[in-house]
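Remarks on the structure that follows.
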Amino acid sequence: MADVLIDSLSKVYPEKGGPGVTAVKNITLHIEDREFMVLVGPSGCGKSTTLRMIAGLEEISGGSVKIGGQVVNDVLPKDRDIAMVFQNYALYPHMTVYENMAFGLKLRKFPKADIEARVKEAAAMLGLEELLGRKPKALSGGQRQRVALGRAIVRKPKVFLFDEPLSNLDAKMRVSTRTEISKLHARLGATMIYVTHDQVEAMTMGDRICVMKDGNIMQVAAPLDLYNHPANLFVAGFIGSPPMNFFRGTIRRAGARVSFVEDNPSGTPLTIALDEALAGRSSAYVDQKVVFGVRPEAIHDSLTVSPPDPERTADVKVEVSEPMGSETLLYLDTGATSFIARVNPTDRFDAGQRVQVTFDLTHAHLFDPATEQVLK
């Protein structure tokens, strides 16, 4: 296996009569040997373009890609010792499962016995032994994706690349297949780079996650570090389902008490007394605008908090209640801000009802509205 070093990598697509469109903007990222790295972000953020430059399917405009210490900018894709799994499976319809998995090895003139051993080993890993004689049209979407995985496994490459491989599967199949890929990584101990727009896939699969936006890297960290310690507004709002709630307002000081006061010109503003940690981080922002961020699970129905903290409790209106079985999502409104709370599934709420909610500040954050960076 091998590490992958992306150094000052950029991609510019030429534009007639213009400066061109920059899809990837001078990014640097080190994927460790045997690491499962996930590139995640909204459509158009540059994640697939980055993967395709690593694979050699896109020409590099600037910077370099190293695989196992070797610069591969000018190395042909077939000579980079990588294997790529695509969204659309890319199987040969006239070939059997066995022939699809063996095809790359035959091109490389592997001995017949070696090919058979590798295909059978990969088929056993993926539960494909009974399907080796079938053609792709006789397989389900999940089975086809496993064949595509098997075709990559038999190569035993230095690096596996995945370009949104689960996008064409239904919800249930996505869950089972992502589990198979995670098990595969543990079994092979391989270096894997996985592109997705689905933050749930990213959180459940990656050793580390690289969050991208507009061709830039916004943050690279382990999944729980991203969730609990987002570096900026974008990461805070992108990672988590439902996403983090944001309230815009001002830091106010009254004696020793430091509070966040929501901008609410038409009603009573949400006012939250900050704990010691948040008060310290916002000391330079007194009487200045900030963004207060708190996750849905940190907002509780005050009836379930004993005793509720009056300095961190607000009276708000229920807009919608969504019972989910294991939890209830409450869509609430302060009069200036709509937000979501994740509450006890046994409690019942009606649209238009007034409720008291208490904010747990353990994992709350404050952001600078101009730079969008978290206050530290």
Scan side-chain atoms only and decide if Q87 and D163 contain a donor-acceptor pair under the 3.5 Å cut-off.
-> no
Any chance [atom1] of [X] has more than 12 other-residue heavy atoms, nucleotides or ligands included, within less than 6.0 Å?
X    : atom1 : value
E15  : CD    : yes
K25  : NZ    : yes
E59  : CD    : no
E276 : CD    : no

Out of V4, L39, I193, which residue meets the side-chain contact (heavy atoms from CB on, under 4.5 Å) rule with L29?
->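 Option passing the side-chain contact (heavy atoms from CB on, under 4.5 Å) with L29: L39.
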Salt-bridge present ([X], [Y]; N to O < 4.0 Å):
X    : Y    : value
E116 : K112 : no
E201 : R174 : yes
E311 : R257 : yes
K11  : E58  : yes
D287 : R252 : yes
D263 : R248 : no

Of all heavy-atom pairs linking R146 and E180, the shortest is CD-OE1, 3.0 Å
What pair of heavy atoms forms the shortest contact from P345 to T328, and how long is it?
->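 Closest approach of P345 to T328, heavy atoms only: CA-OG1, 3.5 Å.
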Which pairs with one or both residues in residues 85-98 pass salt bridge (Lys or Arg N to Asp or Glu O under 4.0 Å), sequence neighbours excluded?
-> none
Which residue pairs satisfy the salt bridge (Lys or Arg N to Asp or Glu O under 4.0 Å) criterion with at least one member in residues 68-90, sequence neighbours excluded?
->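 Matches after skipping sequence neighbours: none remain.
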Side-chain heavy atoms under 4.5 angstrom apart, residues restricted to Ile, Leu, Val, Met, Phe, Trp, Tyr: same cluster for M101 and M84?
->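 No: no chain of side-chain contacts under 4.5 Å links M101 to M84.
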Are L161 and F86 connected, step by step, through hydrophobic side chains (Ile, Leu, Val, Met, Phe, Trp, Tyr) whose heavy atoms are closer than 4.5 Å?
-> yes
Aromatic ring centroids of F246 and F292 under 6.0 Å?
->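 Aromatic pair excluded; centres sit 6.0 Å or further apart.
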Distance-only, no hydrogens or angles: does the R208 side chain make a donor-acceptor pair with backbone N or O of A222 under 3.5 Å?
-> no
Kindly confirm or rule out a cation-pi arrangement of R295 over Y227, judged by NZ or CZ under 6.0 Å from the six-membered ring centre and within 45° of its axis?
-> yes
